[in-house]
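First up is the structure itself, then whatever we jot down about it.
One-based numbering, in listed order, for ligands and for the atoms of each.
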Amino acid sequence: MTFRKAQWPRRLRSAEWFGGTSRDHIYHRSWMKNQGLPADLFDGRPVIGICNTWSEMTPCNAHLRDLADRVRHGIFEAGGLPLEFPVFSPGESALRPTAMMYRNLCAMDVEEAIRANPMDGVVLLAGCDKTTPALMMGAASVDLPAIVVSGGPMLNGMFRGERVGSGTHLWKFSEAVKAGEMTQQDFLEAEASMSRSPGSCNTMGTASTMASMAEALGMALSGNAAIPAVDSRRRVMAHLTGRRIVDMVKDDLKPSDILTRTAFENAIRVNGAIGGSTNAVVHLLAIAGRVGIDLTLDDWDRCGRDVPTIVNLLPSGKYLMEEFFHAGGLPVVIRHLCESGLMDRDALTVSGSSVWEEVSEVCNWNEDVILPVEKALTRQGGIAVLRGNLAPSGAVLKPSAATPELLVHRGRAVVFEDIDDYKRKINDDELDIDESCVMVLKNCGPKGYPGMAEVGNMGLPPKVLKKGITDMVRISDARMSGTAYGTVVLHTTPEAAAGGPLAVVQDGDFIELNVPQRYLHLDISDAELAARLASWSPTTPTPANGYASLFHSHVQGADTGADFDFLVGCRGAAVGKDSH
Ligand code: FES
């Protein structure tokens with residue numbers, strides 16, 4: 001840890017708005033006072049923004065106003081002035097074409113809202129998949145003291161006596177209906193059991209993964225990730241976070257002090273240990289880009305390769321976040337990784353203490369949920385990064401969610417030109433496909449969909465499912481829900497819509513996947529590949545205007561985090577000119 005605390009007291013950034021007797025200072029204070037704020041709250045104390053992604057359109061975050069109130073208590077108690085503000089809330093379940101198209105919009109909103117407003121530090125209230133990375137991206141680009149508090153996962157779902165995990169069982173039930181193993185009526189009855197309480201997905205999906213990433217990076221207080229949304233300790237966590245941000249401002253402890261290369265490498269290892277979502281790859285690459293850390297796909301493979309998956313949660317294992325919390329949550333995992341020499345113990349966290357100081361005394365209360373290494377779900381739990389002529393800039397696969405027998409496979413390609421082509425063909429019994437084939441889906445990357453939708457785990461054809469087969473090799477430039485599973489190659493880069501080799505795969509080509517050797521190969525000659533690429537032209541439309549046009553023009557590839565090119569980097573917290 002190299003962090004040195006700033007002197008306190010000192011004049012803060014918010015004093016540019018509130019700390020004087022000029023006409024403009026009076027103007028700024030006067031308007032704030034219409035909310036009933038006493039004069040002595042403008043005495044130079046830290047002004048703390050509470051950045052809230054609350055929205056009824058984002059059901060996973062619909063309880064965040066209650067948590068914001070708990071944060072507010074903590075800020076007042078510690079001598080700060082809390083001011084809550086809303087930002088665009090990209091909700092995973094409802095947004096079309098995909099919430100990922102709006103992660104960067106949210107990040108831009110967050111960045112500009114923090115910089116333009118009179119605040120000295122910010123609490124980032126997030127929950128649903130994209131909200132956590134978007135808030136960290138935006139805050140990192142401003143680099144004022146910032147701390148994450150998550151909304152927390154939903155309680156366990158139960159259906160007819162069995163545990164039901166968000167997302168994961170949606171895919172399972174849907175395939176069971178197609179296979180004739182479950183009735184549509186039963187599926188409809190299961191619907192309500194999947195979302196039993198306020199909160200985010202209760203599996204180790206992307207929301208739980210990103211909450212874990214925030215904690216592993218050091219951007220949230222220890223223990224934040226797993227506390228259920230409706231547990232009273234979630235409110236305590238929010239309260240403590242409110243207290244802590246005031247001291248972070250006094251100490252001038254900023255994201256750039258915490259988000260070091262070491263922190264990212266620690267987080268990648270934690271992702272392997274928890275069996276975390278492949279979506280963490282694009283999000284961490286994007287956050288790293290905001291603070292100038294040259295994190296690459298190869299770092300993901302290198303750091304995660306020898307990390308065993310020890311968290312026995314769906315979709316890789318069998319339990320849910322509620323059980324993870326009762327077993328001790330992420331601090332137990334971090335302690336284990338530190339003791340195994342897989343994490344840097346000295347990395348700094350928002351508490352001002354090191355990672356190790358936060359976890360050195362925690363206990364594992366359930367070794368069936370957080371497994372001993374000798375009982376790990378898989379010895380190599382990290383994300384595998386594949387390369388080859390089909391993915392010159394990389395592709396990813398999550399071995400812990402894949403079928404071991406399919407990790408080395410050669411099969412005939414069955415190609416879907418886009419998601420509509422897939423939907424048209426997949427249920428047709430005449431489709432020439434069997435379980436040995438490789439399903440290839442094009443034009444679902446950042447530019448192609450647009451937004452890089454979570455369709456990479458495309459469902460299998462019913463005629464294969466009816467044989468009792470539940471997995472096939474699938475390849476696309478899409479993402480996959482963190483709650484999903486299967487031998488699924490994702491994020492293939494360059495994407496098809498940008499003219500990557502994926503664009504020219506044809507029905508009947510043979511594809512070779514070799515995960516142990518990190519290899520993805522289209523079995524045609526170099527000359528044939530070059531000829532096909534030379535005659536390729538885009539098939540996806542280019543949006544003429546609006547946000548879709550901005551997105552299409554500026555989004556980068558998945559291999560660098562799919563951020564906008566003009567948003568990469570930190571632009572600081574300099575106070576702009578006054579408007580009066
Ligand atoms: Fe919002 Fe899963 S859909 S957390």
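At a cut-off of 3.5 Å, with distance as the only test, no side-chain donor of Ser277 or Thr209 sits close to an acceptor on the other residue.
Applying the ring-ring contact (aromatic ring centres under 6.0 Å, His included) test to Phe85 and every residue at least two apart in sequence or in another chain returns nothing. Under the side chain to side chain contact (heavy atoms under 4.5 Å, CB included) criterion, Ser89 pairs with Thr53, Ser55, Thr58, Asn61, Thr131, sequence neighbours left out. In terms of the ring-ring contact (aromatic ring centres under 6.0 Å, His included) criterion, His326 has no residue partners (sequence neighbours excluded).
Of the options Asn52, Ile48, Val149, Leu240, a side chain to side chain contact (heavy atoms under 4.5 Å, CB included) to Val71 is made by Val149 and by none of the others.
A heavy-atom distance below 4.5 Å is not found between the side chains of Phe173 and Asp186.
At a 4.0 Å heavy-atom cut-off, the residues surrounding ligand 1 are Cys60, Glu92, Cys128, Asp129, Ser200, Cys201, Ala207, listed by chain and number.
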